[in-house]
2 protein chains.
Amino acid sequence: MIDCVEFCKALADDTRQRILQMLLEKEMSVSDIVAAFDVSQPTISHHLGILKQFGLLSSRKVGKQVFYTTNRDRVVECCGQLIAKFDAEEGVCEG
Amino acid sequence: MIDCVEFCKALADDTRQRILQMLLEKEMSVSDIVAAFDVSQPTISHHLGILKQFGLLSSRKVGKQVFYTTNRDRVVECCGQLIAKFDAEEGVCEG
DNA sequence: TAGATGCATTGAAAAATATCTATTTATCCA
DNA sequence: TGGATAAATAGATATTTTTCAATGCATCTA
């Protein structure tokens, strides 16, 4: 069971949602991602870290580079837990 | 189509998620809600306003009191849009 | 009508978050 | 090895959000 508040905080940022969406389609290195946005590399790394905490992103290191990709299934699973929190039969789930 | 970032921001607070959950089960007046939490009445009104912006809550005025209740279907619908953003076929939805 | 009650709004302070620059760490290559 | 490149971390600042006290507005009732 994820912490639904923390999960929503993780998605409560435009840059992070755009990163997630971009990495659905293709794997990208950190510098690729930085190039696609108008913020600094440390800021991107910060956002990647937040998304990775929830397993929303996977990463693999190749030489100096780190490639990230979105874990689509995990995103859907977490959203499902969010729905369940508010759509559960009475008395179910983290009351 | 909702703004998924703003929707996540609306849910990115523990008090607001607890309010939403509490009002799934029963309709409550603002003062009832205030009594159930450890924050001030203006703070509760502020949270109610944020949730209401997305139609996640309905309200009706009865005399001096305002009663709120959670729109379960709307919550589910918004969560569904969130999932769709990250689980859509390529090229679908708000690019 | 006057006072009281319930809730929303305003304005300011406190807390949390996003962002940057500078630095560190790891890896590559000449 | 020495220099260069990629990414993470640290520390500081800026912005946003949460919160509260004070106030305003509507409604009830005595």
Side-chain angles (χ1 to χ4, degrees), chain A residues 2-23 26-71 78 82, chain B residues 2-23 26-71 78 82:
Chain A
I2 62 168
D3 178 329
C4 287
V5 173
E6 291 306 310
F7 172 66
C8 288
K9 285 186 186 177
L11 294 193
D13 181 272
D14 183 56
T15 301
R16 286 198 290 274
Q17 286 206 10
R18 284 164 60 203
I19 288 174
L20 263 189
Q21 230 178 358
M22 202 169 63
L23 299 181
K26 53 176 179 293
E27 191 184 51
M28 292 175 79
S29 72
V30 174
S31 25
D32 289 342
I33 302 168
V34 170
F37 290 89
D38 199 28
V39 293
S40 67
Q41 174 266 312
T43 295
I44 293 294
S45 279
H46 173 243
H47 288 311
L48 293 172
I50 289 173
L51 293 171
K52 194 144 189 281
Q53 276 191 325
F54 279 90
L56 304 178
L57 297 181
S58 300
S59 65
R60 68 190 178 99
K61 187 166 182 176
V62 178
K64 286 177 293 186
Q65 309 193 84
V66 178
F67 288 87
Y68 283 86
T69 189
T70 296
N71 258 325
C78 289
L82 183 63
Chain B
I2 61 167
D3 178 329
C4 286
V5 173
E6 291 305 310
F7 172 65
C8 288
K9 284 186 186 177
L11 293 192
D13 181 273
D14 183 56
T15 300
R16 286 198 290 274
Q17 286 205 9
R18 284 164 59 205
I19 289 174
L20 263 189
Q21 230 177 359
M22 201 169 63
L23 299 182
K26 52 177 178 296
E27 192 184 51
M28 292 174 79
S29 71
V30 174
S31 25
D32 289 341
I33 301 168
V34 169
F37 290 90
D38 201 27
V39 293
S40 67
Q41 174 267 311
T43 295
I44 293 294
S45 278
H46 173 244
H47 288 311
L48 293 172
I50 289 173
L51 294 171
K52 192 140 191 279
Q53 276 192 325
F54 280 91
L56 304 177
L57 297 180
S58 297
S59 65
R60 66 189 179 100
K61 186 166 182 176
V62 179
K64 287 177 295 187
Q65 308 193 84
V66 178
F67 288 88
Y68 283 87
T69 189
T70 296
N71 258 325
C78 290
L82 183 63

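Throughout, a chain's letter reflects where its sequence line sits, starting with A, and its residues are numbered from 1.
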Over how many whole Å does the gap from [X] atom [atom1] to [N] atom [atom2] extend?
X: Ile44(B); N: dT17(D); atom1: CD1; atom2: P; value: 19 Å
X: Arg60(B); N: dT27(D); atom1: CZ; atom2: C1'; value: 16 Å
X: Ile33(B); N: dA8(C); atom1: CD1; atom2: C1'; value: 14 Å
X: Leu48(B); N: dG6(C); atom1: CG; atom2: C1'; value: 13 Å
X: Met28(B); N: dG6(C); atom1: CE; atom2: P; value: 14 Å
X: Leu11(B); N: dT17(D); atom1: CG; atom2: P; value: 14 Å

Minimal non-hydrogen separation, [X] against [Y], with atom names:
X: Phe7(A); Y: Phe54(A); value: N-CZ, 3.4 Å
X: Leu11(A); Y: Gln17(A); value: O-NE2, 2.8 Å
X: Val62(A); Y: Arg60(A); value: CG2-NH1, 3.4 Å
X: Ala10(B); Y: Leu51(B); value: O-CD2, 4.0 Å
X: His47(B); Y: Ile19(B); value: CB-CD1, 4.0 Å

Using a heavy-atom cut-off of 4.0 Å across all strands, would you classify Tyr68(B) as base, sugar-phosphate, or nothing?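 Sugar-phosphate contact only.
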Ser31(B) near the nucleic acid: base, sugar-phosphate alone, or nothing, with a heavy-atom cut-off under 4.0 Å?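 Sugar-phosphate only.
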Counting distance only, does the side-chain N/O of [X] pair as donor-acceptor with the main-chain N or O of [Y] below 3.5 Å?
X: Glu27(A); Y: Phe67(A); result: no
X: Arg16(B); Y: Lys9(B); result: yes
X: Thr70(A); Y: Leu20(A); result: yes
X: Gln65(A); Y: Val30(A); result: no

Difference in axis direction between the ends of the helix from dT1(C)-dA30(D) to dA30(C)-dT1(D), five pairs, 10°: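 Angle reported: 10°, given to the nearest ten degrees.
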Quick one: what's the B/S/- string for nucleotides 16-30 of chain C, heavy-atom cutoff under 4.0 Å, read 5' to 3'? -SSBBBB---SBS--
